[in-house]
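Presented below is the structure to which this report refers.
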Amino acid sequence: MRYSQMLLPTTKETPSEAEVVSHQLLLRGGFIRKLSSGIYTYLPLGLAAVQKVAQIVREEMNRAGAQELLMPMVQPADLWKESGRWRKYGSELLRFVDRHERESCLGPTHEEVITDLARRELQSYRQLPMNLYQIQTKFRDEIRPRFGLMRGREFIMKDAYSFDVSDEAAEESYRKMYDAYHRIFDRCGLDFRAVEADTGTIGGSFSHEFMVLAQTGEDTLAICDQCSYAANVEKAKVVLPEPAPPGPEQPEEIRKVETPGMKKVENVAGFLHVRPESIIKTLVYIVDGEPVAALVRGDREVQPVKLKNLLGAAEVELGDDQRIYDLTKLPIGYLGPVDLPIKMVADQEVMRMANCVCGANEKQFHLTGVQPGRDFQPAVVGDLREVSATDSCPACGGALRLTEGIEVGHIFKLGTAYSEAMNATFQDGEGRENPFVMGCYGIGVSRVVAAAIEQNHDRNGIVFPLPIAPFQAIILNLGVNSEQITAAAEKLYHDLQQRGIEVLYDDRDERPGSKFKDADLIGIPCRITVGKTFEQEGKVEMRQRSDGTTETLAIEGAADIIAREIKNRLASFGRNKQTLAE
RNA sequence: CGGGGCGUAGCGCAGCCUGGUUAGCGUGCCUGCCUUGGGAGCAGGAGGUCGUAGGUUCGAAUCCUACCGCCCCGACCA
């Protein structure tokens with residue numbers, strides 16, 4: 001591609017709307033333009049990057065035995081009513097009625113459509129297993145779109161769905177996808193981890209997220225460096241040391257103490273001269289409309305997803321003061337588990353505490369000398385709090401590390417939730433009808449591009465991993481008015497293309513500075529400069545964006561050397577092999 | 001949905017508080033000269049319903065009201 005003919009509007013200044021680095025660089029580099037909140041046009045360069053990722057995804061999905069198809073984006077409400085998600089999915093599902101007053105929605109995901117297809121087209125166990133995928137634009141009406149391509153309302157997703165005869169067979173399909181995902185992100189040149197994840201609204205029995213490690217990530221991960229354990233903090237188990245430390249020799253009796261204006265743990269701790277570890281924190285959540293008190297140690301934090309799972313609830317939210325007061329008439333800020341008239345759920349750690357401080361359920365008062373088990377008995381006790389960096393790995397006991405991650409892929413074992421709801425069955429060898437055992441597997445293709453940039457950039461711009469770079473090489477013609485230089489640059493451009501290299505040829509009549517800056521900004525891995533050195537010595541310069549290595553090459557044979565270098569570097573990606581450990 | 005901020009040329013911003021000729025600066029864009037290894041220089045030029053609607057006023061980018069759009073924070077620790 002000739003730069004002079006390409007729509008590639010780079011800017012020197014950072015648009016004020018962009019906060020995170022990938023968003024800034026995608027705008028500055030002329031990859032995307034915003035149409036409205038969370039909705040972007042992919043300009044030619046941005047589309048090229050997306051397509052590079054999509055192609056890797058496609059190759060690895062095909063290699064894993066999946067077949068590509070393309071489903072509609074507009075979906076009838078009836079299907080969603082069948083699965084029950086027309087009610088459950090919430091306002092992220094963009095709904096509308098057409099001219100015939102038919103209710104429809106824009107597909108945020110395609111379980112309903114694919115299950116409908118499967119029940120029509122797959123009748124026999126002989127046709128299974130089957131794995132079908134598409135790469136397509138999804139629409140989710142996010143609460144708050146942000147960070148450019150990281151959390152858009154409209155985005156490009158690869159979604160795959162597997163159909164199997166049994167649980168065991170479905171697990172094999174899952175394992176294949178797990179391996180394929182490793183190959184995909186590895187080939188993309190990303191630093192990532194597969195982590196155990198919560199199954200979320202999509203439902204199902206177990207699940208892994210693929211996380212690109214980057215500070216701008218919206219998720220927090222607990223990772224063990226000693227073993228392979230890694231989990232989203234929404235899921236990461238807290239394992240308490242065994243045996244439990246012995247209780248106090250003399251359990252105190254309850255005393256009521258005045259604590260004027262002391263609502264926060266740290267205030268109470270300071271005022272009563274106790275450590276936060278001795279305080280029981282009582283938080284009221286609204287769980288499916290009912291108030292529930294969650295108890296954790298004063299220095300701990302409730303993990304709401306764990307709370308939700310522990311209670312088997314559909315929706316958990318922390319109530320605001322007014323709402324809780326309306327529901328319970330309780331004195332917010334002075335709550336405690338002793339004689340609390342609402343349902344209580346305690347973190348396992350709370351039951352190990354002794355001589356605790358907690359709210360007295362009376363304004364301006366707390367209790368001391370509280371003994372869990374003696375003075376109160378929660379309805380449910382379990383793992384409720386978020387892991388911390390001081391906890392140990394639930395798998396090996398080693399040290400845990402917390403780190404931020406960007407979710408680029410998520411795989412689920414769905415089981416028969418959808419096939420049963422939608423009556424999607426096949427006939428087995430004995431002539432019986434059975435529901436398909438399903439799995440579903442997503443990759444945020446456009447988000448992969450953003451995540452790659454978050455992970456690979458410097459002060460001059462993007463440093464694309466070679467496999468997903470929109471072009472592999474860029475030729476800078478620094479003498480467009482020199483016939484000699486231009487002839488050499490043009491020839492190199494053609495020679496590299498003939499050798500299968502994806503080349504952007506900067507033939508613009510611009511000063512060298514602009515060309516260097518633009519080449520750095522858009523992150524093309526291999527830069528070839530044809531300029532003064534060529535006029536003087538007949539040589540061109542090859543420089544690698546990633547490590548800055550520079551070689552000066554005689555023009556004769558340069559195309560071969562450059563092409564070989566790019567192919568060698570390309571071959572170094574996708575070498576890591578990992579499989580799902582059972 | 002709650003809180004905060006912003007909306008003036010393609011982009012980045014000033015002007016608004018304290019209303020008053022023709023609305024400015026930087027950059028980008030166009031023309032010419034010059035220059036050509038890290039976003040040069042000089043000269044000339046095009047480009048604006050000051051987000052929209054209404055109001056106050058002799059007069060509104062500026063004051064008031066409503067609406068629209070965008071961004072950030074929150075929706076998780078009492």
Side-chain angles (χ1 to χ4, degrees), chain A residues 9-20 23-24 27-28 30 33-39 90-91 141-148 220 233-234 259 261-268 276 279-286 293-308 315-325 328 330-336 347 358-359 361 363 366 384-386 459-461 476-482 485 506 508-521 527 529-536 539-541 543 550 552:
Chain A
T10 60
T11 64
K12 217 186 302 189
E13 281 170 306
T14 303
S16 55
E17 69 193 46
E19 197 76 6
V20 300
H23 191 195
Q24 293 175 348
L27 287 169
R28 282 193 56 208
R33 287 293 182 260
K34 185 179 70 190
L35 181 61
S36 74
S37 180
I39 301 181
S91 36
D141 201 358
E142 293 281 346
I143 311 174
R144 178 148 92 92
R146 61 185 126 180
F147 304 151
T220 306
V233 291
E234 293 176 349
T259 49
M262 303 292 156
K263 292 186 167 190
K264 298 196 164 196
V265 166
E266 61 262 38
N267 297 343
V268 175
I279 296 177
I280 298 175
K281 192 154 67 171
T282 306
L283 305 173
V284 178
Y285 281 83
I286 314 289
L295 311 176
V296 290
R297 218 170 77 178
D299 59 330
R300 304 301 194 187
E301 301 193 347
V302 172
Q303 171 43 254
V305 174
K306 284 187 175 180
L307 176 64
K308 183 172 127 185
E315 198 186 353
V316 164
E317 58 174 322
L318 192 70
D320 60 70
D321 289 7
Q322 191 56 49
R323 177 121 182 261
I324 293 168
Y325 185 78
T328 65
L330 287 167
I332 313 298
Y334 300 95
L335 298 188
D347 183 58
C358 65
N361 298 322
K363 270 192 180 165
H366 277 75
L384 198 62
R385 60 162 249 240
E386 191 156 303
R459 50 195 294 273
N460 294 315
L476 304 188
N477 177 343
L478 296 191
V480 287
N481 296 320
S482 153
I485 290 173
D506 191 348
R508 293 173 303 165
D509 185 9
E510 291 287 338
R511 296 170 55 82
S514 308
K515 296 194 175 192
F516 286 128
K517 289 289 183 190
D518 279 335
D520 284 349
L521 176 62
R527 184 186 81 194
T529 307
V530 187
K532 212 157 51 185
T533 324
F534 176 74
E535 255 178 342
Q536 291 161 0
K539 288 180 174 167
V540 300
E541 177 195 278
R543 181 186 160 90
T550 305
T552 309

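Every chain is numbered from 1, with letters handed out A, B, ... down the list of sequences.
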task: Mind checking A/K532 for me? I need base, sugar-phosphate or nothing, with any heavy atom below 4.0 Å counting as a touch.
output: base

| message | Tell me if the side-chain of A/R527 makes a donor-acceptor pair with the base of B/G38, cut-off 3.5 Å, by modelled atom types. | response | yes

Next on the checklist: Regarding A/R28, tell me which of base, sugar-phosphate or nothing describes its non-hydrogen contacts under 4.0 Å with the strands shown.
Outcome noted: base

- Task: Answer with base, sugar-phosphate or nothing: what part of the nucleic acid does A/V284 contact at a heavy-atom distance below 4.0 Å?
- Result: base

Closest heavy-atom pair, A/S482 versus A/E535, reported as atoms and distance to 0.1 Å, is OG-OE2, 3.5 Å

Checklist line | Polar pair under 3.5 Å, donor/acceptor by atom type, side chain A/E510, base B/G39 | finding: no

Does a distance-only test, which skips hydrogens and angles, find a donor-acceptor pair under 3.5 Å between the side chain of A/D520 and the base of B/G38? yes

Need one value for A/D518: base, sugar-phosphate or nothing, where a base atom within 4.0 Å counts as base even if backbone is also close, heavy atoms only.
base

Could you measure between the two C1' atoms, the one in B/A61 and the one in B/U49, and give it in whole Å?
12 Å

What nucleic acid atoms does A/L476 come within less than 4.0 Å of, heavy atoms only: base, sugar-phosphate, or nothing?
nothing

Readout for nucleotides 7-16 of chain B: B = base within 4.0 Å of protein heavy atom, S = sugar-phosphate only, - = neither; 5' to 3' it is ----BSS---

Select base, sugar-phosphate, or nothing to describe what A/K515 touches, counting heavy atoms under 4.0 Å on all strands.
nothing

What does A/T533 touch in the nucleic acid at a heavy-atom separation under 4.0 angstrom: a base, only the sugar-phosphate, or nothing? base

Ion pair A/K306/A/E386, N-O distance below 4.0 Å:
no

As its Watson-Crick or G-U partner within any shown strand, both distances under 3.5 Å, B/G12 has B/C25

Sort me out a list of protein N/O and nucleotides 30-35 of chain B N/O pairs below 3.5 Å, or just none if empty.
unit_1 : atom_1 : unit_2 : atom_2 : d
B/U35  : O2     : A/R511 : NH1    : 2.7

